[in-house]
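Reckoned from all heavy atoms, side chains included, excluding hydrogens, waters and symmetry mates. Letters A, B, ... mirror the listed sequences (proteins, then strands); counts begin at 1.
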2 protein chains.
Amino acid sequence: MAIGRLNRRLRNEREDDSLTLNQLSALGALERLGPTPVGELAAHERVRPPSMTRIISNLEELGLVVREPHPVDRRLAVVRITEAGLGKTAADRKRRNAWLANQLRTLTPEERKQLRDVLPILEKLTRS
Amino acid sequence: MAIGRLNRRLRNEREDDSLTLNQLSALGALERLGPTPVGELAAHERVRPPSMTRIISNLEELGLVVREPHPVDRRLAVVRITEAGLGKTAADRKRRNAWLANQLRTLTPEERKQLRDVLPILEKLTRS
DNA sequence: ATAACTCATTACCTTTGCTAACTGCCAGCC
DNA sequence: GGCTGGCAGTTAGCAAAGGTAATGAGTTAT
């Protein structure tokens, strides 16, 4: 429940109205994973393929990603982040969520460390 | 972003189709806070009053909460959890999310402790 | 060669949140 | 005492974001 509340807060508090959290999350995943098929990306983001299709379509309209045919299996739509997309994540990483940055600044260093350490555990819960 | 992914996972994975996560969260809050006006509850759950109105209405239809007039300020609609509601949270606490319980079982004791310790920090981020 | 399966997409629906507008109630001011 | 402004909750209507079911194109297996 705490996760749900914090999620709502994070969503609301983001003054940045350029990208939704999901678009941003997908973009970040693409940056880390490299070119990835839509379905795989959907699985990673815990979303159904149709939802990911829409997210990608929006990002593609903004020129932040491109869809490319897979060289050998032409059923797959491989998504790749563009230069513009990379710029976007970099820019966003800078002024990322002024609110969150501020909040984090109010925590003690230990608290921040605790948060950092718990992150892989949360990821573990998300997968598997 | 990890919060978002985990949130989606938690929502999807809950086989329990009786109550939504938000209803359950509100119910739990009511149990801990005691009778609470709608607006205050909305603030606690990080939701706008109209959204909380709907959540409460649903719970009321299920007989899990009741709305009562505030003794002195009759603008306020004080929400109180019923016996049935208490039973519901207790029942839910038992078989709470078989999936989550299983997942937690795969973690080491330290990892579970880390999670537990980070919870108040997350709450702190949610408020303020 | 065809049947069965897979990936992505499309079409449509549900959930859940929001804002704006409305009602009933309280409080201050004349 | 009676307006006037403001506040709590609700109602109405809308938008975002997810899901399922069905479709089309491409691949694999029989």
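- For A/Met52 and D/dG18, the CE to C1' distance is 12 Å, given to the nearest whole Å.
- Going from atom CG of A/Asp73 over to atom P of D/dT27 covers 6 Å, rounded to whole Å.
- Here the P atom of nucleotide C/dA8 and the CD atom of A/Glu68 are 14 Å apart, to the nearest Å.
- Taking for each of A/Leu76 and A/Ser57 the nucleotide of DNA chain C with the nearest heavy atom, the 5'-most of the two is the partner of A/Leu76.
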Side chain to side chain donor-acceptor pair (under 3.5 Å) evaluation trace for B/Asn12 with A/Arg48: CA-CA 11 Å; B/Asn12 293 345; A/Arg48 302 292 173 186; 5.9 Å; no
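- Atom pair A/Arg74:CZ and D/dG24:C1' shows a separation of 14 Å (rounding to whole Å applied).
- Side-chain contact check for B/Glu40 versus B/Glu45: every heavy-atom pair is 4.5 Å or farther apart.
- Remark: C1' of C/dT10 and CZ of A/Arg67 are 12 Å apart, rounded to the nearest angstrom.
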Nucleotide-resolved protein contact map, nucleotides 15-22 of chain C, B/S/- at heavy-atom distance under 4.0 Å: -BBBBB--
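- B/Val78 comes within 4.0 angstrom of nothing in the nucleic acid, heavy atoms only.
- Under the 3.5 Å distance criterion, the side-chain polar atoms of A/Arg112 are matched with a main-chain donor or acceptor of A/Leu104.
- For the pair B/Arg46 (side chain) and B/Thr126 (backbone), a donor-acceptor distance under 3.5 Å is present.
- For D/dT27, the base has no donor-acceptor partner in the side chain of A/Arg75 [N/O atoms by modelled type, under 3.5 angstrom].
- No donor-acceptor pair closer than 3.5 Å links the side chain of A/Glu61 to the backbone N or O of A/Asn58.
- B/Val72 comes within 4.0 angstrom of the backbone, heavy atoms only, and of no base.
- D/dA16 atom P lies 19 Å from atom CG of B/Asn7, rounded to whole Å.
- Side-chain contact check for B/Ile56 versus B/Thr53: every heavy-atom pair is 4.5 Å or farther apart.
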